[in-house]
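Naming: A, B, ... by sequence-line order, numbering from 1 per chain.
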Number of protein chains: 2
Amino acid sequence: MELAEGKLKFIEAWGKLGSEWGINRTMAQVHALLLVSPEALTTEEVMAELSISRGNANMTLRDLIDWGLVEKLHKTGERKEFFYAEKDTWAIARRVAEERKKRELDPVIKILAQLTEVKGDEKDPAYKTFKTSVNDINKLAKNVSKTLDTMLKAEESWFFGSIFKIFK
Amino acid sequence: MELAEGKLKFIEAWGKLGSEWGINRTMAQVHALLLVSPEALTTEEVMAELSISRGNANMTLRDLIDWGLVEKLHKTGERKEFFYAEKDTWAIARRVAEERKKRELDPVIKILAQLTEVKGDEKDPAYKTFKTSVNDINKLAKNVSKTLDTMLKAEESWFFGSIFKIFK
DNA sequence: TTAAACTTTCAAAAATAAATGAAAATTATT
DNA sequence: AATAATTTTCATTTATTTTTGAAAGTTTAA
């Protein structure tokens with residue numbers, strides 16, 4: 001396979017995975033494009049490579065910056081802005097996990113905590129089932145949260161190395 | 001908070017979380033409803049509780065069955081079908097992880113494997129960056145996959161218990 | 001300060017995803 | 001076998017998400 005074809009396949013695959021996980025397809029594609037680009041790209045270049053509009057490119061790049069996955073660079077003598085993607089895969093995974101935890105998991109945990117406070121008749125099966133399900137999910141969510149926190153603090157080596165020693 | 005209000009809040013929160021993670025909002029809501037229902041419900045009941053159409057209820061319930069989260073029951077003397085949700089939170093988490101891995105992660109890993117085969121000029125920065133990024137992501141994806149496989153085989157206690165001993 | 005270069009915004013349009021509901025298909029009952 | 005109950009399908013409608021592109025805003029340089 002040629003580089004050009006591989007690049008397209010990579011961008012396509014990354015975009016598909018993103019959209020299946022609730023991330024805008026274009027955002028994932030722009031990220032993929034920047035990931036395989038050795039140099040920082042301009043908005044114009046992103047627009048041309050992916051055939052997207054200026055507005056879309058601008059908003060998507062801004063989102064990627066918000067996610068901490070891309071940084072804006074200025075080249076001396078150049079007027080326009082350049083965009084460069086963090087290339088460290090482990091750092092990327094951490095940023096994404098961190099951001100989604102904060103944006104999505106944490107709010108749910110807050111609501112679950114409130115729901116464990118719901119009072120009712122202990123004899124009522126509807127109440128008992130509600131309470132059990134909410135309590136169990138709450139416990140799971142808190143454990144996931146705790147595990148993520150630990151992973152986020154850990155170094156790359158934790159994931160790529162020693163962790164597997166505890167698995168048979 | 002009253003049970004009725006709590007139930008609504010739970011269904012709403014579960015639906016929102018689902019939609020943020022690429023799962024149809026209604027599907028997550030139907031799942032939430034069944035999770036807090038002590039008895040198996042009929043299609044009619046699901047339709048009424050969530051104000052959705054028969055077609056929607058039917059398709060959603062079928063999807064939940066495909067995901068292995070809900071089972072169809074038949075009550076003696078009753079003509080219609082009843083739907084009951086698996087209540088074990090750990091089992092639910094495992095089913096979801098397993099299914100998404102199979103449906104979404106595995107295909108991407110296949111593509112990444114192909115992309116590591118792309119040949120090119122080792123002097124070309126574009127090629128070098130492509131190769132490095134693809135290789136790194138491939139390595140991460142395979143590690144995630146391996147970790148998930150191990151978790152899927154493990155027992156609940158693994159997650160809720162001993163794992164935390166390795167964390168400080 | 002003016003004008004050109006560039007970036008951002010956002011209302012409207014397009015694309016995509018989800019829901020409806022009535023008809024068709026299936027299944028059970030008499 | 002006819003009919004009644006129930007489930008499934010799917011063309012159409014509705015809702016949601018994403019993209020566009022032109023206008024407004026901003027920055028830089030002469």
Asker: Measure CE/M47(A) against P/dT8(C) and give the value in whole Å, please.
Answerer: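 Answer to the nearest Å: 13 Å.
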Asker: Would you mind telling me which residue lines up with the more 5' stretch of DNA chain D, F83(B) or T60(A), judged by nearest nucleotide?
Answerer: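 The residue mapped nearer the 5' terminus is F83(B).
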Asker: Are F83(B) and I52(B) linked, directly or through other ILVMFWY residues, by side chains that come within less than 4.5 angstrom of each other?
Answerer: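 Both belong to a single hydrophobic cluster.
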Asker: Go through K87(A) and L35(A) one step at a time and tell me if the side chain to side chain contact (heavy atoms under 4.5 Å, CB included) criterion holds.
Answerer: CA-CA 6 Å; K87(A) 299 287 196 292; L35(A) 269 181; 4.3 Å; yes
Asker: Rounded to whole Å, please give me the gap between CZ in F82(A) and P in dA5(C).
Answerer: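 That distance rounds to 16 Å.
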Asker: If you pin R54(A) and N56(B) to their nearest nucleotides in DNA chain D, which one's is more 5'?
Answerer: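 Result: N56(B).
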Asker: Could you tell me how far apart L64(B) (CG) and dT7(D) (P) are, to the nearest whole angstrom?
Answerer: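 Nearest whole value for this atom pair: 16 Å.
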Asker: Of all of residues 20-46 of chain A, which get a heavy atom below 4.0 angstrom from DNA chain C, listed by number?
Answerer: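 Going residue by residue through residues 20-46 of chain A, none turns out to have a heavy atom under 4.0 Å of DNA chain C.
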Asker: Under the salt bridge (charged side-chain N to carboxylate O under 4.0 Å, His left out) criterion, do R94(B) and E98(B) qualify, and how do the steps go?
Answerer: CA-CA 6 Å; R94(B) 277 170 55 161; E98(B) 194 172 356; 5.8 Å; no
Asker: For the backbone of A113(B) and the side chain of T116(B), can you confirm whether one donor and one acceptor N or O come within less than 3.5 Å of each other?
Answerer: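 It does hold such a pair.
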Asker: Working to the nearest 0.5 angstrom, can you tell me the gap between K110(A) NZ and L115(A) CG?
Answerer: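 Reported to 0.5 Å precision, the distance equals 14.0 Å.
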Asker: So how far is it from T89(B) OG1 to I137(A) CD1, rounded to the nearest 0.5 Å?
Answerer: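 Answer rounded to 0.5 Å: 5.0 Å.
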Asker: Within this structure, what is the CD-to-C1' distance between E81(A) and dT27(D), rounded to whole angstrom?
Answerer: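 Between C1' of dT27(D) and CD of E81(A): 10 Å.
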Asker: Which of the following nucleotides, dT20(D), dT8(D), dA19(C), is nearest to the side chain of S53(B)?
Answerer: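 Nearest listed nucleotide: dA19(C).
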Asker: Indicate whether OP1 or OP2 belonging to dT7(D) is found under 4.0 Å from a side-chain N or O atom of N58(B).
Answerer: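 Result: no.
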Asker: Is there a side-chain contact between K80(B) and the phosphate of dA4(D), meaning an N or O under 4.0 Å from OP1 or OP2?
Answerer: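 No, because none of the side-chain N or O atoms of K80(B) sits under 4.0 Å from OP1 or OP2 of dA4(D).
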Asker: Using atom CZ of R62(B) as one end and atom C1' of dA18(C) as the other, report the distance to the nearest whole Å.
Answerer: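 Value for this atom pair: 14 Å.
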Asker: From C-beta outward on R79(B), which listed nucleotide comes closest to its side chain: dT6(D), dT28(D), dG21(D)?
Answerer: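 That would be dT6(D).
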Asker: Check the distance between dT7(C)'s C1' and M59(A)'s CE and give it to me in whole angstrom.
Answerer: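 Result: 12 Å.
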Asker: Round to the nearest Å and state the distance from E78(A) atom CD to dA4(C) atom C1'.
Answerer: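 After rounding, the gap between these two atoms is 16 Å.
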Asker: Nearest whole angstrom, please: distance from the P of dA19(C) to the CG of D63(B).
Answerer: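 From D63(B) CG to dA19(C) P: 11 Å.
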Asker: For the residue pair H31(B) and W14(B), categorise the inter-ring angle as parallel (less than 30°), tilted (30 to 60°) or perpendicular (more than 60°).
Answerer: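 Correct class here is tilted.
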